[in-house]
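Every chain is numbered from 1, with letters handed out A, B, ... down the list of sequences. Predicted model, so just to flag it, every value in this text is computed and none were measured.
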Amino acid sequence: VQSYNTLISILGKGGHIDRCRELDREMQRMEIMPNLCTFNSLLMMHVHDGKIQEAMGVLQRLKDAGLEPNVVTYTGLIKMYSRASKYNEAIEMFLEMQRVRCKPDLTTYSLMISVFGKARSLEDAALVFRQMQEAGYKPNVITWSALIQVCERNGKFPEMGAYFNEMQASGCQPDVTLYNILMGAYGRQGLSVQAAILFRKMQAQGVTPNAVSYDTMIQAFCHSKQPADAQGVHDQMVKAGYVPD
RNA sequence: CACCGAGCUAU
C-alpha cells in the first residue's frame with residue numbers, strides 16, 4: 001500500500017491523472033486495500049487539477065470504505081475551495097471539521113489565514129491566528145508568511161513590518177519565500193530600492209534566491225522603469241543557472 | 001529522519 005501511496009502522491013502532483021487512475025485500478029485488482037493516505041493522495045491529485053466533483057467522489061469512496069476523514073483530508077478540501085476562489089465553502093469546511101471534532105493543526109491554520117486574507121477579511125485572519133495560538137500552536141515561518149501577505153493584500157503595510165519583527169523576536173528566521181513576499185510588496189508599491197536592499201540582505205544572511213526571487217526583482221525594476229537594473233538581475237539569474245520565463 | 005495536507009510565481 002505504501003508504495004502505491006508514494007507513487008500516487010508523486011504522479012498526482014505531476015498531473016499524471018490517468019497514470020494514477022491506473023494504479024488505483026491495479027490496487028483494486030490485486031485486492032490491496034487503500035488506506036486513508038491513499039484516498040488523501042487521490043484527493044490532492046484532483047485538488048491540484050481543480051476537479052471538485054472528482055475530489056468529492058474520492059471523499060465518498062473514503063467514507064464508503066468505512067474510514068473517517070482526518071485533518072489532512074479536511075485541509076485538502078479547504079485548499080480545494082480556496083483554489084477555486086470559493087472562500088465561503090472553504091470557511092464552511094473549516095467550521096465543519098471542528099463540528100465533527102477534528103482538530104485543525106498548524107497547516108490548517110496557516111491555510112485558513114491565507115483564505116481569510118483572500119476573502120478580504122483581515123479581521124478573521126487575525127482571529128484565526130489568535131485561535132491558533134490559544135490552541136497551543138507556535139506559528140512557523142509559513143504561518144507568519146501567510147499572515148504578512150494577508151496584510152499586504154489588505155493594504156496594511158505598517159503591520160507587515162510589525163509582524164516581521166515579532167516573528168524574528170520569537171526566534172523564527174525568514175526564508176526565501178518570505179523574502180520574496182516582502183520584495184514583491186515593495187516592488188508593487190514602486191519601492192524598488194527597498195526591494196533591492198532586501199534582495200542583497202537575504203543573500204548576506206545566507207538565503208539563496210530562487211527563480212521566483214529573481215522574477216520578483218525583475219518585476220520590481222520593470223515596475224519602477226529601471227530596465228537596466230532589470231537586465232542586471234536577469235543576467236544574475238542566468239548566471240545562477242535559472243532559465244527565465 | 002522519507003505513505004498524504006499549508007505561504008511567494010507578471011498586467
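Panel note: side chain A/S9, backbone A/T6; no donor-acceptor pair is recorded below 3.5 Å.
Here the nucleotide nearest the side chain of A/Q149, chosen from B/G5, B/C8, B/A6, is B/C8. If you check B/G5, B/C3, B/G7 against the side chain of A/T108, the one that comes closest is B/G5. The side chain of A/M44 sits closest to B/C4 out of B/C3, B/C4, B/U9. Which of B/G7, B/C3, B/G5 sits closest to the side chain of A/I181 comes down to B/G7. When each of B/G7, B/C8, B/G5 is scored by its nearest atom to the side-chain atoms of A/R153, the top-ranked nucleotide is B/C8. Side-chain atoms of A/N70 lie closest to B/C4 of the nucleotides B/C4, B/C3, B/C8. Each of B/A6, B/G5, B/C3 was ranked by its minimum atom distance to the side chain of A/V71; first place goes to B/G5. Checking B/G5, B/G7, B/C8 against the side-chain heavy atoms of A/N210 singles out B/C8 as nearest. In this structure, of B/G5, B/A6, B/C8, it is B/C8 that holds the atom nearest to the side chain of A/N180.
Following rounding to the nearest Å, A/M33 (CE) and B/C3 (C1') show an atom-to-atom distance of 17 Å. Rounding to whole angstrom units, OH of residue A/Y74 and P of B/C4 are separated by 21 Å. For A/Q219 and B/U11, the CD to C1' distance is 8 Å, given to the nearest whole Å. A/M167 places its CE atom 14 Å from the C1' atom of B/C8, with the value rounded to the nearest Å. With rounding to whole Å, A/K225 atom NZ is found 13 Å from B/U11 atom P. For the pair A/L7 CG and B/C3 C1', the interatomic distance rounds to 10 Å; values are reported in whole Å. Across the protein-nucleic acid pair, A/M45 atom CE and B/C3 atom P stand 20 Å apart, rounded to whole Å. A/D245 places its CG atom 8 Å from the C1' atom of B/U9, with the value rounded to the nearest Å.
A/L178 and A/V212 fall into different hydrophobic clusters, defined by Ile, Leu, Val, Met, Phe, Trp and Tyr side-chain heavy atoms under 4.5 Å apart, directly or through other members.
Among the protein residues, A/L111 comes within range of the sugar-phosphate backbone only, with heavy atoms under 4.0 Å from sugar or phosphate atoms but none that close to a base. Using a 4.0 Å heavy-atom distance criterion, A/L178 is classed as a base contact. At a threshold of 4.0 angstrom between heavy atoms, the contacts of A/V1 with the nucleic acid are absent.
One finds no side-chain N or O of A/K13 lying less than 4.0 angstrom from the OP1 or OP2 phosphate oxygen of B/C4.
A distance of 6.0 Å or more separates the ring centres of A/F129 and A/Y109.
Between A/I91 and A/M112, some side-chain heavy-atom pair lies under the 4.5 Å cut-off.
When the options A/N40, A/T108, A/D105 are evaluated for a side-chain hydrogen bond (donor to acceptor under 3.5 Å, both in side chains) with A/T75, the one that passes is A/T108.
Between A/R99 and A/E92, at least one side-chain N (NZ, or NE/NH1/NH2) sits under 4.0 Å from a carboxylate O, which counts as a salt bridge.
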